[in-house]
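What you see below is based on every heavy atom in this structure, not just the backbone, and it leaves out hydrogens, waters and symmetry mates. Predicted, not measured: the structure shown is a model, and the values here were computed from it.
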Amino acid sequence: MTDRGTALVTGGTGWLGTRLVRRLLERGTQVRVLARSAEGAARLRGAVADRAAALAIVHGDLTDRQALAAAAGGAEVVFHLAAEKAVERCERDPAGAVRTNVLGSLFVFEAARAAGARRVVAASTDKACEPVGTLGVTKLLMERVLCEDGGSASGIAVRLGGIIESADSVLERWHAAARTSGTIEVTDPEMTRFLMSADEAVAALLDAAARDDENAIVAPSLPAYRLGDLADAFASAHEARVVTVGPRPGERTHESLVSAEEARFARREADGFVITPGRPQAGAGPYRSCDAPRLGVAELTRYVLADARV
């Protein structure tokens with residue numbers, strides 16, 4: 001997209017959305033945000049107060065087609081970040097997860113195409129690859145709907161890894177637990193997870209908007225960590241005791257960004273993968289967190305200490 005175009009951001013009042021909105025405003029982009037709550041809109045305006053003149057808020061949610069049409073009108077690019085992302089909430093309320101992550105996404109994509117947007121970029125997750133829980137299944141369906149042909153807008157879904165410093169991240173939960181009880185809970189120390197920073201996630205979304213691909217999934221080749229190593233780094237830095245509680249519903253031991261089944265529909269790029277469901281490519285091997293470059297305790301300690309200063 002051109003820096004001085006217009007972009008719509010759904011989920012723009014959220015933790016990652018606020019950071020994407022600020023980056024777009026810094027580039028000179030006119031930004032519209034679909035906001036469900038007045039409180040979220042007020043927080044966003046405060047976070048970007050120095051550039052608020054280029055920000056417009058449209059009130060409504062993903063099921064409000066009239067609000068979506070108003071927000072999408074004239075937008076060159078639509079960034080779709082609004083979603084139900086919490087694994088446990090998706091397991092407790094699968095109907096709500098489907099309503100938000102599948103139906104809501106479908107309405108956003110339809111509004112973008114009806115408005116003549118050039119590109120729709122949607123934030124997906126590594127849990128959409130070989131899904132085992134409700135969150136992953138709904139995000140996989142979102143990816144497939146986005147990647148189907150139709151309308152003027154091409155769609156790119158970006159599979160993001162765990163953003164370690166985000167709101168409701170494992171580090172945030174551990175900080176709260178350590179302050180109140182001196183203990184932190186680990187589901188399974190042998191679990192591995194992909195790691196990325198907020199800056200990397202924002203950059204991946206912006207890069208996707210600039211791509212020439214038609215209807216694809218992109219996945220950066222992220223490093224990974226063992227959950228037990230992250231817990232050890234945190235416990236050492238904050239004098240906390242680690243308690244193992246066992247896996248929760250919807251969790252798995254390792255994550256994937258490219259599955260074995262997707263490999264023939266994928267190609268490798270210098271910094272990741274491009275997957276075109278149903279359209280074979282040169283092929284690429286699967287990419288799993290248990291096999292990815294591993295961050296050790298010393299490297300994870302830097303993230304833990306940096307998070308404590310935020």
(message) With side-chain hydrogen bond (donor to acceptor under 3.5 Å, both in side chains) as the criterion, how do E255 and T192 come out once you've worked through the C-alpha distance, each side chain's angles and the decisive distance to 0.1 Å?
(response) CA-CA 7 Å; E255 301 288 2; T192 58; over 6 Å; no

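- Side-chain atoms of D199 and R23, non-hydrogen and from C-beta on, do get closer than 4.5 Å to each other.
- The main-chain N or O of L25 is never found under 3.5 Å from a side-chain atom of T29 such that the two would form a donor-acceptor pair.
- For R36 (side chain) and G60 (main-chain N/O), no donor-acceptor pair under 3.5 Å exists by modelled atom type.
- A search for salt bridge (charged side-chain N to carboxylate O under 4.0 Å, His left out) contacts involving E190 returns R226, not counting sequence neighbours.
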(message) I'd like to know whether V33 forms a side chain to side chain contact (heavy atoms under 4.5 Å, CB included) with V21, so could you lay out the CA-CA distance, the side-chain angles of the two residues, the decisive distance to 0.1 Å, and finally the verdict.
(response) CA-CA 8 Å; V33 169; V21 168; 3.8 Å; yes

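- With a 4.5 Å cut-off on side-chain heavy atoms, R268 and S221 count as touching.
- Checked by atom type and distance alone, the side chain of R241 never pairs as donor or acceptor with a backbone atom of G182 at under 3.5 Å.
- Annotation: R45, atom CZ; neighbour count of heavy atoms from other residues, nucleotides and ligands within 6.0 Å is above 12.
- Note: F265 and F273 fail the aromatic proximity criterion, with ring centroids not under 6.0 Å apart.
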(request) Apply side-chain hydrogen bond (donor to acceptor under 3.5 Å, both in side chains) to the pair T63 and D61, showing each step before the final yes or no. (result) CA-CA 6 Å; T63 62; D61 63 25; 2.7 Å; yes

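- Between P189 and T244 there is a side-chain heavy-atom pair separated by less than 4.5 Å.
- A donor-acceptor distance shorter than 3.5 angstrom exists from the side chain of N215 to the backbone of G155, with no hydrogens or angles considered.
- Under the 3.5 Å distance criterion, the side-chain polar atoms of S236 are left unmatched by any main-chain donor or acceptor of D232.
- Contact between A216 and T276 at its shortest, heavy atoms only, is CB-CG2, 4.0 Å.
- Between R248 and E185, at least one side-chain N (NZ, or NE/NH1/NH2) sits under 4.0 Å from a carboxylate O, which counts as a salt bridge.
- Note: L295 CG to L230 CG = 10.0 Å, rounded to the nearest 0.5 Å.
- None of L160, L222, L257 except one satisfies the side-chain contact (heavy atoms from CB on, under 4.5 Å) rule with D126; the exception is L257.
- The shortest distance between side-chain heavy atoms of R144 and P277 falls below 4.5 Å.
- When atom types are taken as modelled, the side chain of T125 and the backbone of A128 share no donor-acceptor pair closer than 3.5 angstrom.
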(message) side chain to side chain contact (heavy atoms under 4.5 Å, CB included) for V186 and W174? Distances and angles first, verdict last.
(response) CA-CA 9 Å; V186 174; W174 283 353; 3.9 Å; yes

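- When side chains are defined from C-beta on, L206 counts as touching R27, because their heavy atoms get closer than 4.5 Å.
- Taking a 6.0 Å sphere around CZ of R99, one finds it holds 12 or fewer heavy atoms contributed by other residues, nucleotides or ligands.
- In this structure, the salt bridge (charged side-chain N to carboxylate O under 4.0 Å, His left out) partners of E143, at least two apart in sequence or on a different chain, are R159.
- For T180 (side chain) and A177 (main-chain N/O), a donor-acceptor pair under 3.5 Å exists by modelled atom type.
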(request) Could you walk me through whether V158 and V121 pass the side chain to side chain contact (heavy atoms under 4.5 Å, CB included) test, one step at a time? (result) CA-CA 7 Å; V158 183; V121 176; 4.0 Å; yes

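- Under the 3.5 Å distance criterion, with hydrogens and angles disregarded, no donor-acceptor pair is assigned to the side chains of S259 and E130.
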(request) Could you walk me through whether S154 and R119 pass side-chain hydrogen bond (donor to acceptor under 3.5 Å, both in side chains), step by step? (result) CA-CA 5 Å; S154 60; R119 168 61 49 84; 2.8 Å; yes

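- The CG atom of L106 sits 11.0 Å away from the CG atom of L62 when rounded to the nearest 0.5 Å.
- Contact of the L68 side chain with the L34 side chain is registered, since non-hydrogen atoms from C-beta on lie closer than 4.5 Å.
- The main-chain N or O of E88 is never found under 3.5 Å from a side-chain atom of E91 such that the two would form a donor-acceptor pair.
- A donor-acceptor pair is defined here as one N or O able to donate and one able to accept, closer than 3.5 Å; such a pair exists between the side chain of K139 and the backbone of A123.
- When side chains are defined from C-beta on, L16 does not count as touching S166, because their heavy atoms never get closer than 4.5 Å.
- In terms of hydrophobic clustering, with Ile, Leu, Val, Met, Phe, Trp and Tyr side chains grouped at heavy-atom distances under 4.5 Å, L103 and L146 are assigned to different clusters.
- A donor-acceptor contact shorter than 3.5 Å is absent between the side chain of T100 and the backbone of A97.
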(request) Give the intermediate values and the outcome of side chain to side chain contact (heavy atoms under 4.5 Å, CB included) for residues I156 and V120. (result) CA-CA 6 Å; I156 301 286; V120 180; over 6 Å; no

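- Once rounded to the nearest 0.5 Å, the distance linking CG of L140 with OG of S124 reads 8.0 Å.
- Rounding to the nearest 0.5 Å gives a distance of 10.0 Å between CZ of F234 and CG of L305.
- Separation of atoms CZ (F109) and CD (E148) is listed at 9.5 Å; rounding is to 0.5 Å.
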Run the side-chain donor-acceptor check on residues 78-85: report pairs under 3.5 Å with partners two or more places apart or on a different chain.
residue: H80; atom: ND1; partner: T10; partner atom: OG1; Å: 2.7
residue: H80; atom: NE2; partner: S105; partner atom: OG; Å: 2.8
residue: E84; atom: OE1; partner: R89; partner atom: NE; Å: 3.4
residue: E84; atom: OE2; partner: A86; partner atom: N; Å: 3.1
residue: E84; atom: OE2; partner: R89; partner atom: NE; Å: 3.1
residue: E84; atom: OE2; partner: R89; partner atom: NH2; Å: 3.3
residue: K85; atom: NZ; partner: L81; partner atom: O; Å: 3.4

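- In this structure, the separation between CZ on R252 and CZ on R193 is 7.5 Å, given to the nearest 0.5 Å.
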